[in-house]
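What follows is a short report on a single structure.
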There are 2 protein chains.
Amino acid sequence: MARGTGPIRATLSDVAARAGVSRQTVSNVLNTPEVVRPATRERVLRAVAELDYQPNTAARRLRTHRSHVLGLRMPEVGDGVSGEILDRYLHALAKEAQRAGMRIMLFAADDEEAEIREYRTLLATAGLDGFALTHTYPGDGRVRWLREHRVPFVTFGRPRGEQDDPPGAEPHPWVDVDGYAGTRMATEHLLELGHRRIGFLGWPDGSGPGDDRRAGWYAALRAAGLSEGAPEERTEEGVSPGTGAAARMLADPAVTALVCVSDSLALGALAAARDLSLTAPDRPPVAVTGFDDTPVARAVGLTSVAQPVEAVAARTVELLLAQIPGAARPASPGAGVGRGGRRDQERSSFLVTPRLVVRESSRPAR
Amino acid sequence: MARGTGPIRATLSDVAARAGVSRQTVSNVLNTPEVVRPATRERVLRAVAELDYQPNTAARRLRTHRSHVLGLRMPEVGDGVSGEILDRYLHALAKEAQRAGMRIMLFAADDEEAEIREYRTLLATAGLDGFALTHTYPGDGRVRWLREHRVPFVTFGRPRGEQDDPPGAEPHPWVDVDGYAGTRMATEHLLELGHRRIGFLGWPDGSGPGDDRRAGWYAALRAAGLSEGAPEERTEEGVSPGTGAAARMLADPAVTALVCVSDSLALGALAAARDLSLTAPDRPPVAVTGFDDTPVARAVGLTSVAQPVEAVAARTVELLLAQIPGAARPASPGAGVGRGGRRDQERSSFLVTPRLVVRESSRPAR
DNA sequence: CGGATCGATTTGATCGATCCAATCGGGGAC
DNA sequence: GTCCCCGATTGGATCGATCAAATCGATCCG
């Protein structure tokens, strides 16, 4: 333990001596203030402030079997979630955890098996209170293991496929961003701007998020009565694939806008649109939207669907705390029943709505 | 502390009982095996394995005042270091720390003052053994604070400016990537391909890393006798600025290659080159190199200088351990003196050489 | 006016490891 | 054969908090 040059840190006993009470009373002031007489409480709090007392978490954990630390495997980059989203999620998670008196511990693992091995070790040695998972998939062994061992956890990403949830069991807690709502918003935005023939540039079928996003585009067009024969291309992630696929759709002069499943593909589409504006200068500019609102999108002025990772992180912590016995849950609003007749603290999942960031790539005046 | 459904975890006493020795002997086997007779050691190790014993870090820390945890502030995104580099660094740091029996704890802070406040709290409550810092700047108050309080730390990024180091004092431990060597390699690569007129697309003067990278480009040209009147443009980070600045340099038909200070600017330069190949089809393709080897570079086939963050992370941990009293240092190679007559463990900083990743953007056949 | 009651506070034990001083056991010296 | 010494091992105390139960004090009631 690194220690400053200053005096040894104050302990509970020091505070107790200074306030003229016993250790336990100090502990009560900090943990269950309501059982301490106000006058005593005041005195103790003053002593705490004067000595700058801060509790030793090791001692606390030894006794209570709670570490106030959450685990997160640092995912390999390029694992699916765009790198920057991950950064922002980590940052927000650290912040939200802190707000709730918790910390985030990182660990690394090369594969599923190694990750489960780390769970074991971290639970045994560091006594982590729970885990946040970022890249789950149908039949994920980690989910099964954590469930079986009754370890609190929350996934960023909804469960896809039934394997994750044993029959009859509650689904595990999760938080996710509503991709459907995102592309729907983007598409409606383009419709409002007067576009009629709006293509979709997506990933191959079978990726959950990709399918959701396509569904949002389709639903918006259908509601507008424009889904008939709407053009759509599927390709793998990447800028160059996006250029090729976009060019194919733009071969039809009626197509004036493209909704893309990711910023990378949108970047490729922008390149195709740029080529088009050089070869066919009389054609009106093509509008493009992306997904994730990455720094590249900001840099090139791409309209994009932004994932509210701060909200996701806040919900993640909330759902984790709800599973940890004895963890202070955020006070429910009022003593009554929440909206919809369902108590908020009973929720075990959240689908967060993203928001559309409009930039030049979709604005009429370019 | 989350606990599985299995039996209560084994403690030192359990192991001792099973092996028929005392607690202290078990502790010795694990911490100072050389003082235990081999036969006893065997017996204890067998018991450890049979019971799957894993030490409780809270108890250990309480007694030893070492937590085996390093702190890292999760930087805000867009703070200077490219997002993806940060991810990879974090991942590597977690991995390297783990290899050395340490863990990484994340925390968040909005500004320097808040960060120092967190240092205080983390040292007092969680007893962190040290910190890794990522975005230091001349006169950084965090560096001063950590120094004054004798807290072990290492910065990713060399100190720039004298304020950081009190006169007469050793510079603080740091690890950095040699940007000079990186652009020099990139430039030499272009020279080998036959390019003679090679421009530099950089950031405005005054950014340490930016200046280093420019110097590398300049040194390579100078060594080749081609530095006279070499074109160069400075602009802020971003794709669009890059396109504009690159177009200005490419207005001179003699310029056939551009070395860029970042992948974003290089991306912009690629767009300018693309425009050029459409408007002037007879002109030979322009070669472009970037810096950081981000996913975008991989996606668009951009030759780029890759930062070896794994090596940086390994050095970071190494330098941190060297400062932590009692931390097991990696065994020095042999009993003699290291290369250069200087013992490795005395090093307090490392300048790591990056490597050039060659892709289509600089290959002759496009 | 004594005893039951209840709230506020204190005391002693404990979590699981390591530190420190004491003890044990066996080989070598005399 | 006895004594000494040194390496191996043990037992007790301790780190700093919380738990559980005991104690204290004042109020309330019959």
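Lettering of chains follows the sequences in order, A, B, ..., and the numbering in each one begins at 1.
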Legend entry - Contacts of A/Arg103 that satisfy side chain to side chain donor-acceptor pair (under 3.5 Å) - sequence neighbours left out: A/Gln98, B/Glu118
Inset, instruction - Using a cut-off of strictly less than 4.0 Å between a heavy atom of the residue and any atom of DNA chain C, enumerate the qualifying residues of residues 37-53 of chain B by number. - result: B/Tyr53
Inset, instruction - Classify the side chain of A/Arg63 versus the base of C/dT14 as yes if they form a donor-acceptor pair under 3.5 Å and no if they do not. - result: yes
Legend entry - chain A contact limits on DNA chain D, taken 5' to 3' with a cut-off of 4.0 angstrom to heavy atoms: D/dG16 to D/dA20
Inset, instruction - Sequence neighbours left out, what passes side chain to side chain donor-acceptor pair (under 3.5 Å) with A/Glu113? Give chain and number order. - result: none
Legend entry - Partners passing salt bridge (charged side-chain N to carboxylate O under 4.0 Å, His left out) against B/Asp111 (at least two apart in sequence or in another chain): none
Filtered N/O pairs between nucleotides 20-28 of chain C and protein, under 3.5 Å:
none

Inset, instruction - Scan B/Asn31, B/Thr40, B/Val21 and name whichever one has a side-chain contact (heavy atoms from CB on, under 4.5 Å) with B/Val26. - result: B/Val21
Legend entry - Distance-only donor-acceptor check, side chains A/Asp140 and A/Thr136, under 3.5 Å: no
Inset, instruction - List in chain and number order the residues that pass side chain to side chain donor-acceptor pair (under 3.5 Å) with B/Arg120, two or more places apart in sequence or in another chain; answer none if no residue qualifies. - result: none
Inset, instruction - Identify whether any heavy atom of A/Thr11 sits under 4.0 Å from a base atom; if not, whether one sits that close to sugar-phosphate; answer base, sugar-phosphate or nothing. - result: sugar-phosphate
Inset, instruction - Go through the side-chain N and O atoms of A/Arg61 and B/Thr57 and say whether any donor and acceptor fall under 3.5 Å apart. - result: yes
Legend entry - B/Glu42: salt bridge (charged side-chain N to carboxylate O under 4.0 Å, His left out) partners, not counting sequence neighbours: none
Inset, instruction - Quick one: list whatever passes side-chain contact (heavy atoms from CB on, under 4.5 Å) with B/Leu62, sequence neighbours left out. - result: A/Asn56, A/Ala59, A/Leu62
Inset, instruction - Identify, with sequence neighbours excluded, every residue that meets side chain to side chain donor-acceptor pair (under 3.5 Å) alongside B/Ser13. - result: none
Legend entry - B/Arg315 and B/Ser349 side chains, donor-acceptor separation under 3.5 Å: no
Inset, instruction - Report the residues that fulfil salt bridge (charged side-chain N to carboxylate O under 4.0 Å, His left out) with A/Arg63, sequence neighbours left out, ordered by chain and then residue number. - result: none
Legend entry - Upstream residue (5' side of DNA chain D) when B/Leu62 and B/Val21 are each assigned their closest nucleotide: B/Val21
Legend entry - Plane angle bin for A/Trp145 and A/Tyr119 - parallel if under 30°, tilted between 30 and 60°, otherwise perpendicular: tilted
Legend entry - 5′-ward residue of the pair A/Arg23/A/Val35 relative to DNA chain C: A/Val35
Legend entry - Axis bend over the full length of the helix from C/dC1-D/dG30 to C/dC30-D/dG1, computed from five pairs that close each end, to 10 degrees: 60°
Inset, instruction - Check whether any side-chain nitrogen or oxygen of B/Thr64 sits under 4.0 Å from OP1 or OP2 of C/dC19, and answer yes or no. - result: no
